[in-house]
Asker: 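Quick one: the structure is below, and I'll ask about it shortly.
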There are 2 protein chains.
Amino acid sequence: MAMDLDKFDRRILAVIQKDARRPAELIGTEIGLSASAVQRRIARMRDEAVITAEVAVVDPISVGRPLTMIVDVEVERERPELLASLKQWIAAEPVIQEAWYVTGAGDYVLIVVARDVDDFDALMQRMMGENANVRRFQTRVALSTLKRGVLVPMDQPAS
Amino acid sequence: MAMDLDKFDRRILAVIQKDARRPAELIGTEIGLSASAVQRRIARMRDEAVITAEVAVVDPISVGRPLTMIVDVEVERERPELLASLKQWIAAEPVIQEAWYVTGAGDYVLIVVARDVDDFDALMQRMMGENANVRRFQTRVALSTLKRGVLVPMDQPAS
DNA sequence: TTTGAAAACGCGAATTC
DNA sequence: GAATTCGCGTTTTCAAA
């Protein structure tokens with residue numbers, strides 16, 4: 001749910017969602033607050049789940065996953081019980097980085113990071129084999145990644 | 001480029017890409033290494049840019065951006081100089097979280113987080129207005145987000 | 001209620017072995 | 001790779017606005 005965050009909160013978020021290790025004192029001088037005030041606000045936003053997590057961003061290429069695929073999956077909407085198990089299958093599959101259920105003809109959009117084409121094909125085979133309601137899928141290969149991340153813009157009205 | 005990371009490196013990455021604040025000593029006991037060994041490995045992987053960043057993950061809904069859109073953008077490939085400026089436009093637009101150039105008929109895939117439909121429409125208007133090579137786009141609205149993140153699977157062969 | 005200052009604490013970085 | 005020392009960021013406390 002939408003939280004009411006003031007100008008300071010938003011400026012703190014704008015900073016730490018790019019660099020979570022930035023010392024609170026630095027942030028404080030940047031935005032005109034003391035270090036302790038900054039930390040208290042961060043702690044509060046963690047409690048409120050405005051800050052969901054603090055994570056290390058790993059370069060997929062460095063760990064041998066140079067391929068990113070965007071997969072449009074079309075499912076039969078007739079059998080809702082199969083939809084639930086497909087959701088679980090997606091959730092359990094670590095190679096699938098992101099997944100949305102979108103408007104359209106029963107479509108999922110998946111972001112998949114793969115070692116190579118064979119690796120990817122094997123995943124899709126498994127998906128088809130283990131989920132009877134998947135009618136078809138269409139794959140696009142990311143030729144270049146312009147942007148990747150979870151940055152949320154912070155240009156909200158101040159309060 | 002692909003780095004050679006051993007079993008320990010990969011297990012460390014698997015942990016900290018879910019929780020970057022986990023103390024090195026905890027990680028050490030989990031994987032059978034001393035705290036300092038864990039810290040040195042993390043420092044090394046930061047240097048090597050295996051770890052790209054450490055960031056706070058912010059809940060889009062909490063900050064008033066409840067809508068996620070997946071946008072397929074079709075561009076004319078005839079004028080490469082316009083492609084470069086479109087790239088810059090995408091990079092500069094904070095509302096666009098992710099962007100890939102993909103196989104197909106000159107297509108970009110964008111992940112956009114918006115305040116509301118009007119907000120989104122205004123962005124697309126701007127995109128069309130400021131980029132002459134954008135031929136058309138197609139939008140799908142994320143009805144539900146099953147998965148969101150930058151987790152890279154770590155099930156690589158040990159060394 | 002929230003701030004800023006100062007204290008104690010604990011984690012992580014550097015050094016040494 | 002492990003152990004110790006050291007520095008710094010965080011946490012806590014407290015007084016003031």
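Below, chain A is the first sequence line, B the second, and so on; all start at residue 1.
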Asker: Measure from CZ on A:Arg22 to C1' on D:dC8 and round the result to the nearest Å.
Answerer: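 Rounding to the nearest Å, CZ of A:Arg22 and C1' of D:dC8 are 17 Å apart.
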Asker: For A:Leu33 and B:Pro23, take the nucleotide of DNA chain C holding the closest heavy atom to each; which residue's nucleotide lies nearer the 5' end?
Answerer: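 With A:Leu33 and B:Pro23 compared, the 5'-side residue is A:Leu33.
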Asker: What's the CG-C1' distance between A:Leu26 and D:dT10, to the nearest Å?
Answerer: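 Distance, rounded to whole Å: 14 Å.
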Asker: How many Å lie between CZ on B:Arg40 and C1' on C:dA13, as a whole number?
Answerer: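 Those two atoms, CZ and C1', are 11 Å apart.
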Asker: Please confirm whether the shortest side-chain N or O distance from B:Arg41 to OP1 or OP2 of D:dG1 is below 4.0 Å.
Answerer: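 Yes, B:Arg41 has a side-chain N/O under 4.0 Å of OP1/OP2 on D:dG1.
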Asker: For A:Leu146, does its backbone N or O pair with a side-chain atom of B:Lys87 as donor and acceptor, under 3.5 Å?
Answerer: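 Side chain of B:Lys87 to backbone of A:Leu146: no pair is present.
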Asker: Measure from CD on B:Glu25 to P on C:dC9 and round the result to the nearest Å.
Answerer: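 Nearest whole value for this atom pair: 18 Å.
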Asker: Side chain of B:Arg46, heavy atoms from C-beta onward: which of C:dA13, D:dA3, C:dG4 has the nearest atom to it?
Answerer: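 Per side-chain heavy atoms of B:Arg46, the pick is C:dA13.
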Asker: Would you mind checking if B:Glu30 and B:Arg11 are paired as a salt bridge, meaning a charged N to carboxylate O distance below 4.0 Å?
Answerer: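 So B:Arg11 does not pair with B:Glu30 through a salt bridge.
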Asker: Within the 4.0 Å heavy-atom criterion, would you say A:Ala24 contacts the bases, only the backbone, or no part of the nucleic acid?
Answerer: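 It contacts sugar-phosphate atoms only.
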Asker: Of the non-hydrogen atoms in B:Ile90 and B:Leu110, which two are nearest, and what is the gap between them?
Answerer: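 Heavy atoms only, the tightest pair is CD1-CD2, 3.9 Å.
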Asker: Specify the separation, in whole Å, of atom CD1 of A:Ile42 and atom P of D:dT12.
Answerer: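 To the nearest whole Å, that distance equals 14 Å.
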Asker: Rounded off to whole Å, could you give me the CD-to-C1' distance for the A:Gln39 and D:dT10 pair?
Answerer: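 Computing the A:Gln39:CD to D:dT10:C1' distance gives 5 Å.
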Asker: In whole angstrom, what separates A:Leu5's CG from C:dT2's C1'?
Answerer: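 Roughly 16 Å, once rounded to whole Å.
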Asker: Can you see if the side chain of A:Arg21 gets near the phosphate of C:dA13 - specifically, an N or O under 4.0 Å from OP1 or OP2?
Answerer: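 Answer yes for this pair, as a side-chain N or O of A:Arg21 is under 4.0 Å from OP1 or OP2.
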Asker: Restricting to non-hydrogen atoms, name the atom on B:Arg10 and the atom on B:Met154 that form the minimum distance, rounded to 0.1 Å.
Answerer: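 Looks like O-CG, 3.6 Å.
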Asker: Below 4.0 angstrom from OP1 or OP2 of D:dG1, is there any side-chain N or O of B:Arg44?
Answerer: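 So the side chain of B:Arg44 is outside the cut-off, no N or O lying under 4.0 Å from OP1 or OP2 of D:dG1.
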Asker: May I ask you to check whether B:Arg148 and B:Gln97 show a side-chain donor-acceptor distance below 3.5 Å?
Answerer: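 Yes, B:Gln97 and B:Arg148 have a side-chain donor paired with an acceptor closer than 3.5 Å.
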Asker: Rounded to whole Å, how long is the line connecting atom CD1 of B:Ile16 with atom C1' of C:dG12?
Answerer: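 Interatomic distance, CD1 of B:Ile16 to C1' of C:dG12: 13 Å.
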Asker: Side chain of B:Ala37, heavy atoms from C-beta onward: which of D:dT11, D:dG1, C:dT3 has the nearest atom to it?
Answerer: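 Closest of the options to the side chain of B:Ala37: D:dG1.
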